[in-house]
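Below is one structure, written out as structure tokens, with a few remarks after it.
Residue numbers start from 1 in every chain, and the chains themselves are labelled A, B, ... in the order their sequence lines are given, proteins ahead of strands. As the structure is a computational prediction, the values presented were derived from the model and not from experiment.
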Amino acid sequence: MTSADRLVHLLARLGVKRSEWRVRPGLYSLGDAGPDSPVFVSASYQLSFDALREALDGMDAYILVLDTMGINVWCAAGKGNFGTNELVSRIEKTGLAEVVAHRTLIAPQLCATGVAAHEVRKRSGFRVKFGPVRAEDIKEYMANGKATPEMRRVRFSLRDRAVLIPVEGKNALPMVAGASALAYIAGDPTGALGIASASIAGLAGLPLLLPWLPSEDFSVKGFFLGGLVGLGAAASSFVRDDATALPLRVLKAASYALALPPLTAFIGLNFTGCTTYTSPSGVRREMNRYIPLMAGMAGAGLLANVASRIVRAGKGGANGQE
Amino acid sequence: MARSKINTLEYDPALCNRCGLCTTVCPHGVFEDGSDGAVRLVKRDDCMECGACMLNCEAGAIEVDSDVGCAAAMIKAALLRRNEAACC
């Protein structure tokens, strides 16, 4: 692994040209690979390929790289790119049957969403053995001839969640920055800061604190964090706006308490796509249950905020800025 | 950790051919080997409906509506009036 490789890994983790870090599909030889050397199957995403070859360091082996369009194993398997058809096709295109004397492939476990082992065997003559989830366990897997139950489990540790933050943050940055800027230009610095804070709560706070936040629903976890931000913004607005009549102060403060939590909740709901365990049925149920509430609260908050400004401007009292 | 209480996983032990592949490919240990050789469904609520077990069950003992467990993909599909969600 060179410095250039590690730079690619960093850029990929930061979401910079992520889909461009690819390895050309084909058959690669490691060490002094020969007819009896094991054959491992990889996605064409460079991080996947590099994780595998790093794990195989010192071994004589082949890596059969499939054309997964630069996507990692699990996502590609779900989309069908790391699938039975591509595997069978790549075996044929590389002439693998003429390179190795055996008929066994070791594929990453998570490709099983797209690869039917019995179909591959019927169509290519190659038997697929599903190796461990993580490349780092391969040497122990090869030494023992099988995977332990722990090797076959996908976790979602703090580290796993934390590495997602830069990519998710980068994707959301234009919208968050734009919305905050708009609020500021409209004369609402509390709103601008609130939008940024609620977004950060969802993009970073929720992933980091995930197991400790209340409820099984990501939306509720988001409502909880966003509620803290909203209450904080509401309190700040109420305290600082002391020159205004009480009803208006309450209306404006309430607008933050209503509008900001759904922002964090929506970000939390979208985090379901980053996890290793949410099911489509569960996500669908959560969407049906909470999206109307999010929309209602956000709409009410926005209306309250606008109404408070219109009334304030109409009274010609304290100006619209804080 | 959050788990779905509702999923579409269905398993018929009478059809199980005891190949054990479902226990191999499942990332959450939903199935385990039974004492009589047939596989047992032990953690139904942990199923994330990825479909790996169904795809690799030659006996057809497992059925599940596999799809993408991603709200963004579902919202995008709904807005674009597509029948199925797809990863970004």
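With a 4.5 Å cut-off on non-hydrogen atoms, A/Lys122 touches chain B through its side chain but not through its backbone. Contacts between B/Cys26 and chain A at a heavy-atom distance below 4.5 Å involve the backbone alone (N, CA, C, O). Both the backbone and the side chain of B/Ile75 come within less than 4.5 Å of a heavy atom in chain A. Contacts between A/Phe266 and chain B at a heavy-atom distance below 4.5 Å involve the side chain alone, from C-beta outward. Looking at A/Leu213, there are no atoms closer than 4.5 Å to chain B (heavy atoms on both sides), in backbone or side chain. Proximity to chain B is absent for every atom of A/Val128, based on heavy atoms less than 4.5 angstrom apart. With a 4.5 angstrom heavy-atom cutoff, A/Trp212 does not touch chain B via any of its atoms.
Annotation: side chain of B/Thr24 is in contact with side chain of A/Arg152 (closest heavy-atom distance under 4.5 Å). Looking at B/His28 and A/Arg153, their side chains never come closer than 4.5 Å, going by heavy atoms from C-beta outward.
The local environment of CD in B/Glu63 is sparse, with at most 12 non-hydrogen atoms from other residues, nucleotides or ligands closer than 6.0 Å. Other residues, nucleotides and ligands place more than 12 heavy atoms under 6.0 Å from the CZ atom of A/Arg123.
The nearest pair of heavy atoms linking A/Tyr277 to B/Met48 is O-CB, 3.3 Å. Closest of all the heavy-atom pairs between A/Ala117 and B/Leu21 is CB-CD1, 4.5 Å. Nearest heavy-atom pair, B/Leu55 versus A/Ala116, reported as atom, atom and distance to 0.1 Å: O-CB, 3.6 Å. Counting all heavy atoms, side chain and backbone alike, A/Gln109 lies closest to B/Val25 at NE2-O, 3.3 Å.
Ranked by heavy-atom pairs under 4.5 Å with chain B, the list A/Cys111, A/Ala112, A/Gly273, A/Ala77 is led by A/Ala112. Contact tally against chain B (heavy-atom pairs below 4.5 Å) for A/Leu110, A/Val133, A/Thr276: the top residue is A/Thr276. The most heavy-atom pairs under 4.5 Å with chain A, out of B/Pro27, B/Gly51, B/Ala52, come from B/Pro27.
Atom CG of residue B/Asn56 and atom OG1 of residue A/Thr84 lie 7.5 Å apart, to the nearest 0.5 angstrom. Interatomic distance, CG of B/Asp65 versus CZ of A/Arg284, reported as 8.0 Å (0.5 Å rounding).
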Report task. Just do the side chain to side chain donor-acceptor pair (under 3.5 Å) check on B/Glu49 and A/Ser281 with the steps written out, would you? Result -> CA-CA 8 Å; B/Glu49 299 176 308; A/Ser281 295; 2.7 Å; yes
